[in-house]
Amino acid sequence: MKRDKGTTAYLRSVRSLLDVPWRERRRALEEIENHLDDSRASHVAAGAVPDEATAHAIAELGPAAAVAASFNEKTATTDNAGAVRWLPMLPPLLVFVPAAACLLYGLTWIRADGLTSGARVALRSYLLGSLVGGGLSVGAYVSIRRGAAHRASRRTAWLFSGCALLLVMTSLVR
Amino acid sequence: MEADQLRGHLGMLLLAALQTGPAHGYALGAELRRRSDGHLVLVEGSLYPALHRLEEAGMVASCTETADGRRRRRYELTANGKAALTVEKRKWQLFKGSVDAILEGGA
């Protein structure tokens, strides 16, 4: 069935504001389009001209932002369950905690006569690990907190997690 | 009835509308308007997230069918949905009775 301009513009607005998995997005847009078609047909049968019928159908459905928000809200409440949302924190903490622990322990090597060059190299790498692990942990934490409202932030948390995991695997291989 | 007042009750109303038989989203909205004599101000865009929630909770089931070259999704009440509707109707009667009693000053 050929779509009219009003329907196309409305669906485009809703699509741009939807923040849900692709399957839900496809289903939501399909149902909204079918709803608009049925509603328009009903208004045309009641005597409205096609453009007016489309406008009435869109008005009854509600503003694109409100419709998208109701889908996003529904997904956010089902996605954000309990402890699972904190899973992306695990790999960054796996980098940060051992590095920070080794750094703290390594600081005890500092004696009156100073550090050996080997100890300096080790401390530098623990410091780097702590900074990188700490940065990734903070990034993952902030993304998870923001992820309650924004799906893109939840993806960012997993990105931080992936970087940390890569770091862990690289250091294990070395 | 304002759209805000419907919040929290839309699920129950959709289950009640589905009692007469399976229906598409638009038909459900039309049925709610018809039963309420047009007093229900429904933002029709909120129908679908509510239906999806009900489906996730196992109270309705949906299936897609093709008609006139278009894929449409039809919803129907499940046994869980019927049981849930009975419970919700009872809760609503209790709530309505309490509110009526307060508004009438306990008379």
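Worth knowing before you read on, the calculation uses all heavy atoms, side chains too, and leaves out hydrogens, waters and symmetry mates. Since the model is a prediction, treat every value here as computed from it, not as a measurement. Chain naming here is simple, since letters A, B, ... match the order of the sequence lines and numbering starts at 1 in each.
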Asks: Measure up the A:Phe71 and B:His52 rings against each other and bin them: parallel (under 30°), tilted (30 to 60°), perpendicular (over 60°).
Replies: tilted

Asks: Let me confirm one number: the OH-NE2 distance from B:Tyr48 to A:His35, rounded to the nearest 0.5 Å.
Replies: 5.0 Å

Asks: With a 4.5 angstrom heavy-atom cut-off, is it the side chain or the backbone of B:Leu51 that approaches chain A, or both, or neither?
Replies: neither

Asks: I want to check something: taking the side chain as every heavy atom from C-beta on, are B:Ser62 and A:Arg27 in contact at a cut-off of under 4.5 Å?
Replies: yes

Asks: Using a cut-off of 6.0 Å, state whether more than 12 heavy atoms not belonging to A:Arg12 lie near its atom CZ.
Replies: no

Asks: With a 4.5 Å cut-off on side-chain heavy-atom distances among I, L, V, M, F, W and Y, is there a chain of contacts connecting A:Tyr126 to A:Val121?
Replies: no

Asks: Rounded to the nearest 0.5 Å, how far apart are CZ of A:Arg26 and CZ of B:Arg71?
Replies: 6.0 Å

Asks: Going hydrophobic residue to hydrophobic residue with side-chain gaps under 4.5 angstrom, can you get from A:Leu131 over to A:Leu107?
Replies: yes

Asks: Does the side chain of B:Arg73 reach to within under 4.5 Å of the side chain of A:Asn34, using non-hydrogen atoms?
Replies: no

Asks: Where on A:Glu30 is there a heavy atom nearer than 4.5 Å to chain B: the side chain, the backbone, both, or neither?
Replies: side chain

Asks: Please answer: with hydrophobic residues joined when any side-chain heavy atoms are less than 4.5 Å apart, are A:Trp86 and A:Leu93 in the same cluster?
Replies: yes

Asks: Assigning hydrophobic clusters by single linkage (Ile, Leu, Val, Met, Phe, Trp, Tyr; side-chain heavy-atom cutoff under 4.5 Å), is B:Trp92 placed with B:Val99?
Replies: yes

Asks: Honestly curious: do A:Leu127 and A:Tyr105 fall in one hydrophobic cluster under the side-chain, below-4.5 Å linking rule?
Replies: yes

Asks: Do the side chains of A:Asp38 and B:Arg70 get close enough for a salt bridge, i.e. N-O under 4.0 angstrom?
Replies: yes

Asks: Which atoms form the tightest heavy-atom contact between B:Arg53 and A:Ser70, and what is the distance?
Replies: NH2-O, 4.5 Å

Asks: From B:Tyr26 OH over to A:Leu36 CG, what is the distance, rounded to the nearest 0.5 angstrom?
Replies: 10.5 Å

Asks: How about B:Asn80: does its CG atom have over 12 heavy atoms from other parts shown lying under 6.0 Å from it?
Replies: yes

Asks: Select all residues of residues 54-69 of chain A having any heavy atom within less than 4.5 Å of some heavy atom of chain B, and report them by number, or 'none'.
Replies: A:Glu60, A:Leu61, A:Gly62, A:Val67

Asks: Distance from B:Glu44 atom CD to A:Ile32 atom CD1, nearest 0.5 Å?
Replies: 12.0 Å

